[in-house]
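Below is one structure, written out as structure tokens; the observations come after it.
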Amino acid sequence: MNIDKQLRESLSKALNELYNISIEADNLVLQPTRKEFQGTHTYVTFSMAKQTRKNPQLIAEELGNYLVEKDAATASFQVVKGFLNITVHDQIWSNKLLTISNCEAWGQAPKGDHLAVIEIASPNTNKPLHLGHLRNICLGFSVSNILKKAGFQVRKVCIVNDRGIHICKSMIAYQLFGNEDTPDSIQMKGDHFVGKYYVKFNDVFKKEVEKLVASGISHKEASQNAPILKEAKKMLKNWEAHEPETIALWEKMNRWVYAGFSETYQIIGAEFDKTYYESETYLLGKDIVKEGLEKGVFYQKDDQSVWVDLTDQGLDEKLILRGDGTSVYMTQDLGTADLRYEDATFDRSIYVVGNEQDYHFDVLFKILKKLDRPYANGLYHLSYGMVDLPSGKMKSREGTVVDADQIMEDMIKTAEAHTKELGKIEGVDKQEASALYKTLGLGALKYFLIKVDPKKRMLFNPEESISFQGDTGPFVQYTHARISSILRKAQSTQVPLEFDPNDLTLCTSERALIYLIDEYPAKVQSAANGYAPSIIAQYIYELAKEYNRFYAEVSIFNESDSNNRQFRVVLSEQTAKIIKSGMELLGIEVPYRM
RNA sequence: GGACCUGUAGCAUAACUGGAUAGUGCCCCUGAUUACGGAUCAGGAGGUUGGGGGUUCGAAUCCCUCCAGGUUCACCA
């Protein structure tokens with residue numbers, strides 16, 4: 001049992017015995033004691049004042065006395081106004097460390113059979129991935145790792161948007177201006193190659209619209225009648241009619257894109273258990289429409305279009321099926337939700353999708369609830385904000401995006417330059433060195449994307465490259481490398497990884513470190529419950545910072561008492577383990593030297 | 001116009017869900033390396049938590065209202 005929980009249970013008993021107040025230990029909250037006061041755990045007694053008709057300070061003192069007398073962990077206490085600050089015996093801390101160090105995988109919850117399906121990165125096949133996709137991918141994979149750590153089975157899925165008018169746009173542009181070029185023939189990554197024609201389409205389209213407007217046609221009409229758009233629409237019809245030539249072109253260009261995507265995925269470390277293609281799922285959902293009509297959840301208008309009325313829940317009426325019987329986005333998403341459940345009976349299904357679709361998912365989930373889907377209560381939209389540039393929004397049509405491949409390459413190069421400047425890895429062979437640059441560069445990037453609350457939009461300034469100091473990936477990685485160095489020395493000087501926990505006096509930073517280490521499993525749980533990787537990032541940063549403080553405060557190998565020396569080595573070892581484990585949850589590797 | 005999201009120091013971010021003097025990083029200033037890694041550590045400067053009301057022992061947090069920015073409300077995806 002962790003120390004926090006033990007104290008809460010004793011407090012729960014105390015409240016019951018002293019004041020006849022019954023509060024479950026799980027419902028009590030202890031906060032970390034602020035640095036300027038003595039102790040590690042603080043209980044706030046103000047809220048007890050009314051029920052007990054006593055002043056908070058007195059309550060704190062009575063509780064404190066009870067703990068000292070009855071609770072084995074409590075050594076002493078200090079009361080400041082309504083705050084009970086508890087000091088725990090050093091032996092409790094050091095024994096705690098011993099227990100944890102004997103534990104196989106601290107933080108790993110027992111594996112259960114609950115399944116979480118998580119949809120990550122749903123790219124279009126008409127352009128390469130950009131920084132927004134990276135935010136999505138980092139969040140998504142991190143949440144999957146965290147859920148696994150918290151005991152879930154996890155299934156990572158990707159749905160590729162490989163059909164539709166926007167795909168036809170790059171196809172028609174290629175047909176018109178491609179000159180039979182291929183990614184190979186002009187040495188270009190396939191997704192960038194296709195993206196080039198998507199941009200080309202929009203250039204041509206824009207010019208055609210301008211021309212039409214100049215000849216006196218309204219802008220709206222012009223943008224519906226631009227010749228190249230008509231061509232694209234024609235191509236979509238051909239595609240839907242399975243016209244062989246169109247299908248062949250479509251397949252060829254999509255292959256190029258997938259080759260490009262998989263390179264990007266490999267660098268960032270993205271792997272999926274299942275990939276769905278919209279070309280295979282876009283007709284799904286029509287049977288659900290029927291079902292909804294029969295159940296009276298949907299209704300039909302005179303023109304045969306099908307709607308759902310959500311005005312009772314503060315939303316609007318929403319179209320489910322067009323009057324001509326063709327699908328809309330919602331139809332499809334209803335269908336894929338069912339498909340996903342048929343493929344794997346999940347308890348939770350998480351959609352990592354940008355916040356411009358908040359409303360869409362709100363509606364989708366409410367409809368599935370109305371349809372009494374057994375999985376409806378496990379649905380969650382992990383919504384994240386846009387990534388902005390100093391110049392404003394990223395717009396792929398206008399080419400103002402931060403390209404995913406480019407930013408990763410830049411980060412890796414920056415890491416290389418920085419590492420070489422510091423000159424600490426001389427003697428490391430080339431292959432290992434370039435792996436290190438990748439670890440550091442991507443570590444900085446991923447940490448940057450994960451550490452903030454997903455809901456907030458974030459600003460990315462390419463001019464000021466992502467920092468390697470302070471609250472960053474490389475800071476944490478550095479701490480790990482530093483500890484690794486200690487452990488190498490411990491091994492070479494044959495310091496045993498064991499100590500006597502009952503013969504130690506700890507200093508503040510040592511207690512603080514064990515406190516943090518002890519909290520790791522609880523942090524994993526709360527990150528899993530809230531689908532919030534930033535909790536882990538914050539926690540790991542705190543841990544690394546505390547270690548560096550410890551490192552500066554005390555000496556390890558110059559410590560004269562051998563038991564104390566060994567204790568500090570074990571403490572270092574355990575800290576490193578958690579840093580490694582926690583960074584893994586964020587999808588970030590950790591180096592042994594840098 | 002309706003709905004939803006966001007607003008904390010020059011910039012970036014946190015606050016255990018209502019608790020102590022609002023933490024932390026970048027930037028700026030001052031210090032620390034004969035010792036285990038200075039991508040580090042210690043100290044300092046910088047705040048009317050967008051504004052105004054309210055609720056109570058206590059508010060960045062809850063309620064009302066206004067302001068700013070964003071997203072969305074299509075027989076688009």
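These numbers were taken from a predicted model, which means no experiment stands behind them. So you know, we letter chains A, B, ... as the sequences are listed, proteins then strands, and number each from 1.
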Could you work out which one of [options] sits closest to the side chain of [X]?
X: A:Asp316; options: B:G19, B:U40, B:C73; value: B:C73
X: A:Phe475; options: B:U71, B:U40, B:A20; value: B:U40
X: A:Tyr329; options: B:A77, B:U40, B:A20; value: B:A77
X: A:Ile556; options: B:U17, B:G37, B:C36; value: B:C36
X: A:Arg482; options: B:U40, B:A20, B:C36; value: B:U40
X: A:Val328; options: B:A77, B:A20, B:G38; value: B:A77

Checklist entry - Do the ring centers of A:Tyr478 and A:Phe468 come within less than 6.0 Å of each other? => result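 Not under 6.0 Å, so no.
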
Next on the checklist: Using whole Å, what does the distance between atom C1' of nucleotide B:G18 and atom NZ of A:Lys81 come to?
Outcome noted: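 Answer to the nearest Å: 15 Å.
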
Over all strands shown, is [X] touching base, sugar-phosphate only, or nothing at heavy-atom distances under 4.0 angstrom?
X: A:Ser467; result: nothing
X: A:Val569; result: nothing
X: A:Ala481; result: base
X: A:Gly164; result: nothing
X: A:His418; result: base
X: A:Tyr541; result: sugar-phosphate
X: A:Asn548; result: sugar-phosphate
X: A:Pro32; result: base
X: A:Thr42; result: base

Checklist entry - What one-letter contact string describes nucleotides 56-62 of chain B from 5' to 3', where B marks a base within less than 4.0 Å of any protein heavy atom, S marks contact via sugar-phosphate atoms alone, and - marks no contact? => result -B-----

Next on the checklist: Expected output check: what is the dot-bracket annotation of RNA chain B, where ( ) and [ ] are pairs inside the strand (brackets for crossing ones), | is paired with another strand, and pairs are Watson-Crick or G-U under 3.5 Å?
Outcome noted: (((((((..((((.....[...)))).(((((.......))))).....(((((..]....))))))))))))....

All N/O contacts under 3.5 Å from nucleotides 5-13 of chain B to the protein, with atom names and distances to one decimal?
residue: B:U6; atom: OP1; partner: A:Lys455; partner atom: NZ; Å: 2.9
residue: B:G7; atom: OP1; partner: A:Lys456; partner atom: NZ; Å: 3.2

Item to check | Ring centroids of A:Phe557 and B:A35 base under 5.5 Å with planes under 30° | outcome: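 One would not call A:Phe557 stacked on the B:A35 base.
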
Using atom [atom1] in both nucleotides, what's the gap between [N] and [M] to the nearest angstrom?
N: B:U13; M: B:U34; atom1: C1'; value: 40 Å
N: B:A45; M: B:G19; atom1: C1'; value: 28 Å
N: B:A35; M: B:C16; atom1: C1'; value: 39 Å
N: B:G47; M: B:U8; atom1: P; value: 15 Å
N: B:C41; M: B:U33; atom1: C1'; value: 11 Å

Item to check | Check: A:Ser534 side chain, B:A14 base, donor-acceptor under 3.5 Å | outcome: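 In this structure, the two groups form no donor-acceptor pair.
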
Checklist entry - Quick one: side chain to side chain contact (heavy atoms under 4.5 Å, CB included) partners of A:Glu240, sequence neighbours excluded? => result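 So A:Glu240 forms a side chain to side chain contact (heavy atoms under 4.5 Å, CB included) with A:Arg163, A:Leu236, A:Tyr282.
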
Checklist entry - Residues in side chain to side chain contact (heavy atoms under 4.5 Å, CB included) with A:Ser555, at least two apart? => result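 Side chain to side chain contact (heavy atoms under 4.5 Å, CB included) check on A:Ser555 returns A:Asn558.
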
Item to check | salt bridge (charged side-chain N to carboxylate O under 4.0 Å, His left out) partners of residues 440-459 of chain A, not counting sequence neighbours, each pair once | outcome: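 Passing the test, one end in residues 440-459 of chain A: A:Asp388-A:Arg457, A:Lys451-A:Asp471.
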
Item to check | Assigned glycosidic conformation for B:U17 [threshold 90° from 0] | outcome: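 Chi for B:U17 falls in the syn range.
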
Checklist entry - Within the side chain of A:Lys318, is there an N or O that forms a donor-acceptor pair under 3.5 Å with the backbone of A:His360? => result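 No, because the side chain of A:Lys318 does not come within donor-acceptor range (under 3.5 Å) of the backbone of A:His360.
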
Checklist entry - Is there a donor-acceptor pair closer than 3.5 Å between any side-chain N or O of A:Tyr539 and the backbone N or O of A:Leu516? => result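 Looks like yes, one N/O pair under 3.5 Å.
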
Checklist entry - Taking only N and O in the side chain of A:Arg322, is any of them less than 4.0 Å away from OP1 or OP2 of B:A77? => result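 For B:A77, OP1 or OP2 has a side-chain N or O of A:Arg322 closer than 4.0 Å.
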
Next on the checklist: Is it the case that the side chains of A:His166 and A:Asn161 hold a donor-acceptor pair, with the cut-off being a distance below 3.5 Å and no angle test?
Outcome noted: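 Side-chain D/A pair, A:Asn161 to A:His166: present.
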
